[in-house]
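Here is the structure we will look at, set down as structure tokens.
Basis for what follows: all heavy atoms, side chains included, without hydrogens, waters or symmetry-related copies. A, B, ... follow the sequence lines: proteins, then strands. Residue 1 opens every chain.
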Amino acid sequence: MAKAKYTTHIGMVDILPGEVEKWRALEAIIHEEAAKFNFEEIRTPILEQTELIVRGVGQLTDIVSKEIFAFKKGDSHYVLRPELTAPVVRSYVQHHLNQRGGSQKLYYIGPMFRAEKPQKGRQRQFHQFGVEIMGSNDPVADVECIAFMMRIYQRIGIENFELKVNSVGDPESREAYKTALRDYLGPNLDKLSEVSQKRFEKNPMRILDSKEAEDQEFIKQAPVIRDFLNEETEEHFENVLAYLDDLSISYTEDPYLVRGMDYYTRTAFELTSPDLGSQDALAGGGRYDLLVEEIGGPSTPAVGFAAGMERLLIACEELDIKLAEPKSVDVYFVSLGDEARKWALTHLPKAREAGISTTMDYMGRSMKAQMKDANRENADYAVIVGSNELAEGKFTLRNMRESEEMSLSFDQIIEKLASR
RNA sequence: GAGCUCGUAGCUCAGUCGGUUAGAGCGCCAGGUUGUGGCCCUGGAGGCCGUGGGUUCAAUUCCCAUCGGGCUCCCCA
């Protein structure tokens, strides 16, 4: 075999037959559960305006500052979407979905793009599913969102994970907290890691997320945001936690959980798994009460999450969870000679019309090779057609699992297979 | 973007302390069984040893670069 001249770009992968079945099974579960939760699917373009993502996700985030695929054509600035919250909000505003009344419960599945160095559980094109609940600031919305997320993993059978929850505060609480954090960290600023020092002014909360060894002892004793929440936000958070308890969803309160997008307010959560290696986040999300307005829409509270589908599939692999059955076909038509081959070709459609999946040899091979192919294709039955069968109008139906054969007319075969 | 590591057949991997035709298992094709798969036996196809350059009489083997994978950091799904 010649070496492939053209290959996928780095960090972009083909999903091949054998693998695709798992994806379809996963997607089916997501669609089914979304229907049970009364979420409606939304599909938005792969390309968005660069300005939307910069404003929406945040100029200073890693995603925008170094992970974006962007290009210009004419006067338009295009970006391959790195996440879907900002685009969904854009769509909500553009099409005035608030006018549909009530809160909007939306979900999505699709590819995202980030120009990162790939490693296990991290690709440049990857897939997420997620939910956005627009228009409600009720803690019930936060918790339904989390409940949907947990339900997907529960249905698949992934139970080895940790749900971390925090409140990152509203703007008022957050300013008070940032001041307190700077007061606390300031005296030791020179002892912090380089990255943390850089974040001190603009985004001191991200220091809490640091994994640098030298930062750890300071983080351990840092003030906790919860002590700075104003009454309303504290009450919201208490309700979220209480509802989670009511639903028996176990969680860890992590006062130092901070998330990568600028738009989060109040509730923030993250689902991590020890089965994933260093890229251990299965899913993450939170509330973004200011984003709709930021993008030019009416002041609208909202909450959502996004989950990585590749990571979910990696976890399945680690846990030996089989999402899809091996493929099979109901019946394989084995034909001997031109007459029989023509008969097979013209009778395939009749079987298919009766709801039977069927195929035949396309390479004019020997009977043995055809039987071998039927076996490889995991056929339940083979129908063997030769000159004897054509003359008698009775065909050999072989049960490939039991290795038993009987002689039947074509109609009898269809009847038998269709009524299985 | 930084560090480490790996890159031999479709797949999983041996091997060459630089030296004539580069191996195994699985898979693929064919035959053993001219009308019967899965097991077994026999044979066959398939590799410029990731790519480019350098050192050398000679490179798949050593050196450099590059591309791609894995791990870590950063960050996130």
Query raised in the report: Phosphate oxygens OP1/OP2 of B:rC71: is one of them under 4.0 Å from a side-chain N or O of A:R122?
Result: no
Query raised in the report: For the side chain of A:K66, counting heavy atoms from C-beta on, which of B:rC75, B:rC74, B:rC76 is nearest?
Result: B:rC74
Report task. Determine: side-chain N/O of A:Q119 to OP1/OP2 of B:rU72, distance under 4.0 Å, yes or no. Result -> yes
Report task. Look at the side chain of A:Q128 and decide which nucleotide, out of B:rC4, B:rG68, B:rA77, has an atom nearest to it. Result -> B:rA77
Query raised in the report: The side chain of A:M400 lies closest to which of these nucleotides: B:rG37, B:rC74, B:rC28?
Result: B:rG37
Query raised in the report: Taking atom types as they are modelled, is there a donor-acceptor pair under 3.5 Å from the base of B:rG69 to the side chain of A:K120?
Result: no
Query raised in the report: Just how far, in rounded Å, is P of B:rA77 from CH2 of A:W23?
Result: 16 Å
Query - Side-chain (A:D380) to main-chain (A:V331) donor-acceptor, under 3.5 angstrom - result: no
Requested in this report: Can you figure out which of B:rG35, B:rG32, B:rC75 approaches the side chain of A:I384 most closely?
Outcome: B:rG35
Query raised in the report: Of the candidate nucleotides B:rG38, B:rC28, B:rC4, which contains the atom at the shortest distance from the side chain of A:K117?
Result: B:rC4
Query raised in the report: Do A:N375 and B:rG37 share a donor-acceptor pair, side chain to base, under 3.5 Å?
Result: yes
Requested in this report: Could you check whether A:Q370 gets within reach of a base, just the sugar-phosphate, or nothing at all, counting any heavy atom under 4.0 Å?
Outcome: nothing
Query raised in the report: Heavy atoms under 4.0 Å, any strand shown: does A:A374 hit a base, just sugar-phosphate, or nothing?
Result: nothing
Query raised in the report: Would you say the side chain of A:E389 and the base of B:rG35 hold a donor-acceptor pair, judged only by whether the two atoms sit under 3.5 Å apart?
Result: yes
Query raised in the report: Among B:rC76, B:rC75, B:rG37, which nucleotide sits nearest the side chain of A:R398?
Result: B:rG37
Requested in this report: Consider the side chain of A:K372, meaning its heavy atoms from C-beta on, and name the nucleotide among B:rU36, B:rA2, B:rC29 that approaches it most closely.
Outcome: B:rC29
Query raised in the report: A:A369 side chain: which of B:rA77, B:rA30, B:rC4 is closest?
Result: B:rA30
Query raised in the report: Phosphate oxygens OP1/OP2 of B:rC76: is one of them under 4.0 Å from a side-chain N or O of A:R311?
Result: no
Query raised in the report: Does any donor-acceptor pair link the side chain of A:N388 with the base of B:rG35 at a separation under 3.5 Å?
Result: yes
